[in-house]
Amino acid sequence: MALNPVLGKLVSKRVVLASASPRRQEILTNVGLRFEVVPSWFKETLEKSSFAAPYEYAVETAKQKALEVANRMHVKHLRTPDIVIGADTIVSVDEQILEKPVDKQDAYRMLSRLSGKEHSVFTGVAIIHCSSKGNQLETEITDFYEETKVKFSDLSEELLWEYIHSGEPMDKAGGYGIQALGGMLVEYVHGDFLNVVGFPLNHFCKKLAELYYPPPKHTVQHIKHDSIPSVDTFENLSDGESESSNFTEHKGANKLDSSRMCPSRPVYNCENSSSVRTGFTVPLENQNGASESAAKLPSKILDLMDGFKASKALFVASKLKMFDYLKTKGPLKAVDVANEVGTSVCGTERLLDACVALGLLEKTSQGYSNTDSANTYLTSDGEYSLHGYIIHSNDHLWPLFTNLESAVREGSRQNHRAFGRKAEDLFKDYYHSQEVKQRFMAAMHSIAHLTARDVATAFDLSQFKSTCDLGGCTGALAHELIQIYPNMKVTVFDLPEVIANISYFQPSEQCAAPVTFVSGDFFKDNLPEADLYILSRVLHDWPDEKIHVLLSKISAVCKPGCGILLAEMVLDDEKKNRSTALLQSLNMLVQTEGKERSGSEYRGLLEQHGFANVKIKLTGNLLDVILCIKT
Ligand SMILES: Cc1cn([C@@H]2O[C@H](COP(=O)(O)OP(=O)(O)OP(=O)(O)O)[C@@H](O)[C@H]2O)c(=O)[nH]c1=O
């Protein structure tokens, strides 16, 4: 579609929206942007009087929200996003800034101030491009604001209180929602409506256009005085992935105008935007004939069509242990890698080049070497090695996924087609041979280790003196729990075939207290006593009927005040936004009778078994966390 090539530039990037506002999520989802939501923990407590103008406050708050998420993801989740978007909406009337009301009385104060008057709604937006250099997070910040003027009619006391009692004002700046009941209070709107709702989409697209399609060299002078390029419909923009239009450093390009290079706080001049870019220069060439003709390329679809080739290239390079060789011996030429691995030189060279283009390897005149993330995640001994999961994906999930069409037609698992064996039970299937069992355990261990810290710290669990991780496999989460809660007694309960094979996965360093491993089948055997039962990636394996059996067993042994902690990929209630989780649900279709579920679905299952106070935390990592307490 001609309107969105500028958003197409973000298709291959890991985009994070640092906002809990459902309106922002909806505005960006509606235009096809794919992003992950990681709400910011930044407290909106900047000193308002230190800002010369209200919009400065909104821009700075938006920037701090986004920076907090970028830093947290980089440091805590070890996942550096490509782009983090933060926003902050405020209402300004009589030089005063109104944010979200704290209670009904506060909402009343705000709305009566707005009654019969014109006010301004400012949304500050920060777009942060992130990269990781030698484990340091580098950021390039672009920020701007948008102002919309809104006039309210005279509001009677009765109308005011009726509106307040509707509950709508409470999570909205200025205490109203123009998109819903609050629209009835509005006499006129001058400016961008979506800016009032929470996100200035038009200005955002213009800003992206400015970043990704800077003007040709001869117009740079002009841009100094007019920050918004004349691309209102974005129709002249290329959707192609030409080097010159990427957000990357280009030698010899023009430095940004110094008035837009901001110190710690942005400098506000005549235009309502600014940029801070460390080591970033604007590319020169672009919008030549080639890129314009590429404007019609549906890059999102093309990327999806290529997805399986990229996955397989990663799987094969991992299976051949190329990342392991390059870690210990790199840089190596293709011929040396081929000799080490025992593969053809021509095939190896093509695979290595593809891995370079996919950002997994680096290539210099000395040869190929691992990127930092290849060392951390792709080598079999990397700190957060995903090697086990990659091999499982190649050997087990790939054959199952080739039968996805049958799975969709029949609505059931495809193990018989993929492996020529009718499996009666998911785990009997995995544990029928030592090789498959170890591969599966290594896969589960990789994911558990990568997510353990975020799962263990999503909630304060110090009130629970003892914990039992049901289906806790190698104990990766259990060990993390003991690190964080040294006084906690932690038991892992899993099938005897699993417990017999855990020794390989135990950490070499001594834990504060040992994890106890108990073997048994949680559907059949008595459960160990505990204050908190953990089910990490367990419920998604099973249909509702089996989940009810398990939850009623836990409920029967759980005393009031004790709890259940679930770690799962939680789908959004509408099941349309979280593509990783939705694809994982297809993954469950091809191999289990289970599925991924939404927060409300998990809440419903838990509440039926006497668990209340259900809290859901989206961690930004692969697993989200749900905590509930037995009443
Ligand atoms: C005026 C107006 C505001 N809003 C909402 O008000 C919140 C502002 O608060 P914020 O601090 O900018 O955002 P948040 O909701 O706290 O989310 P976060 O980005 O995580 O800080 C945002 O939600 C907006 O949509 C509406 O939905 N409609 C309107 O007419």
Side-chain angles (χ1 to χ4, degrees), residues 10 12-18 35-36 38-42 59-86 125-143 211-212 243 246-251 253 255-256 258 260-266 274-283 323 326-328 330-331 355-364 366 368-379 381-386 449-454 457 480 483 619-622:
L10 307 186
S12 56
K13 303 198 187 308
R14 175 180 289 173
V15 180
V16 170
L17 175 64
F35 56 89
E36 189 183 326
V38 182
S40 181
W41 295 350
F42 176 72
V59 170
E60 187 61 18
T61 305
K63 197 165 83 183
Q64 294 304 331
K65 285 182 186 178
L67 279 171
E68 186 279 321
V69 168
N71 275 317
R72 177 153 42 99
M73 292 188 74
H74 178 77
V75 175
K76 206 168 151 227
H77 307 311
L78 300 164
R79 294 188 310 133
T80 310
D82 296 319
I83 297 173
V84 180
I85 303 164
V125 176
I127 307 170
I128 304 197
H129 283 81
C130 306
S131 55
S132 177
K133 298 258 160 58
N135 272 347
Q136 283 290 101
L137 175 68
E138 294 206 348
T139 56
E140 292 158 359
I141 306 173
T142 301
D143 53 46
L211 291 171
Y212 287 93
E243 271 300 301
N246 278 342
F247 196 86
T248 49
E249 191 169 340
H250 286 249
K251 288 221 164 54
K255 289 266 186 288
L256 286 167
S258 62
R260 298 171 64 201
M261 293 294 294
C262 302
S264 58
R265 283 257 305 274
S274 71
S275 300
V276 181
R277 301 169 187 172
T278 30
F280 172 73
T281 47
V282 178
F323 301 108
L326 288 172
K327 182 176 180 183
T328 49
C355 289
V356 171
L358 292 170
L360 306 174
L361 294 177
E362 275 156 12
K363 184 182 181 180
T364 63
Q366 268 107 56
Y368 300 90
S369 48
N370 282 348
T371 56
D372 288 347
S373 19
N375 281 332
T376 310
Y377 301 110
L378 301 181
T379 53
D381 62 351
E383 194 188 352
Y384 288 93
S385 175
L386 287 167
H449 185 51
L450 183 72
T451 53
R453 180 145 289 237
D454 284 330
T457 57
E480 191 69 41
Q483 296 282 338
T619 66
N621 201 323
L622 279 179

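The structure presented is a predicted model; accordingly, all values stated were derived computationally and were not measured.
For the atom pair CD of Glu480 and OG1 of Thr451, the computed distance is 9.5 Å after rounding to the nearest 0.5 Å. Atoms OG1 and CD, on Thr142 and Glu140 in that order, are 8.0 Å from each other to the nearest 0.5 Å. With rounding to the nearest 0.5 Å, the separation of CD in Gln366 from CD in Glu362 is 12.0 Å. Considering CG of Leu17 and CZ of Phe35, their distance stands at 5.5 Å, rounded to 0.5 Å.
A tilted orientation is assigned to the rings of His129 and Tyr212, their planes being inclined by 30° to 60°.
Among all heavy-atom pairs drawn from Asn621 and Leu450, the shortest one is ND2-O, 3.3 Å. Taking every heavy atom of both residues into account, Phe323 and Thr379 meet most closely at O-CG2, 3.4 Å. Summarising the geometry of Leu360 relative to Ala374, their closest heavy-atom pair is O-CB, 3.4 Å, with the distance given to 0.1 Å. Listed here is the closest heavy atom pair of Ala66 and Ala18: CA-CB, 4.0 Å.
Within the 4.5 Å cutoff, the side chain of Ile85 has no heavy atoms near those of the Val16 side chain. Side-chain contact between Val38 and Glu36 is present, with heavy atoms from C-beta onward closer than 4.5 Å. Put simply, the side chain of Ile127 reaches to within 4.5 Å of the side chain of Ile83, judged on heavy atoms.
Judged as a side chain to side chain donor-acceptor pair (under 3.5 Å), and not counting sequence neighbours, the contacts of His74 are Thr80. Residues passing the side chain to side chain contact (heavy atoms under 4.5 Å, CB included) test with Val356, sequence neighbours excluded: Leu361, Lys363, Tyr368. Residues passing the side chain to side chain donor-acceptor pair (under 3.5 Å) test with Glu68, sequence neighbours excluded: Ser40, Arg72. Applying the side chain to side chain contact (heavy atoms under 4.5 Å, CB included) criterion to Ser373, with sequence neighbours excluded, gives Thr371, Tyr377. Under the rule for a side chain to side chain donor-acceptor pair (under 3.5 Å), the partners of Asn375 that lie at least two apart in sequence or sit in another chain are Asn370.
Side chain of Thr139 to main chain of Ile141: no donor-acceptor pair is present (N/O by atom type, distance under 3.5 Å, no hydrogens or angles). Under the 3.5 Å distance criterion, the side-chain polar atoms of Asp143 are left unmatched by any main-chain donor or acceptor of Ala126. Ser385 places no side-chain N or O within donor-acceptor distance of the main-chain N or O of Asp381, the cut-off being under 3.5 Å.
The one candidate from Cys130, Pro81, Ser132 that meets the side-chain contact (heavy atoms from CB on, under 4.5 Å) condition with Leu137 is Cys130.
For residues 126-137, the salt bridge (charged side-chain N to carboxylate O under 4.0 Å, His left out) pairs, not counting sequence neighbours, are Lys133-Glu138.
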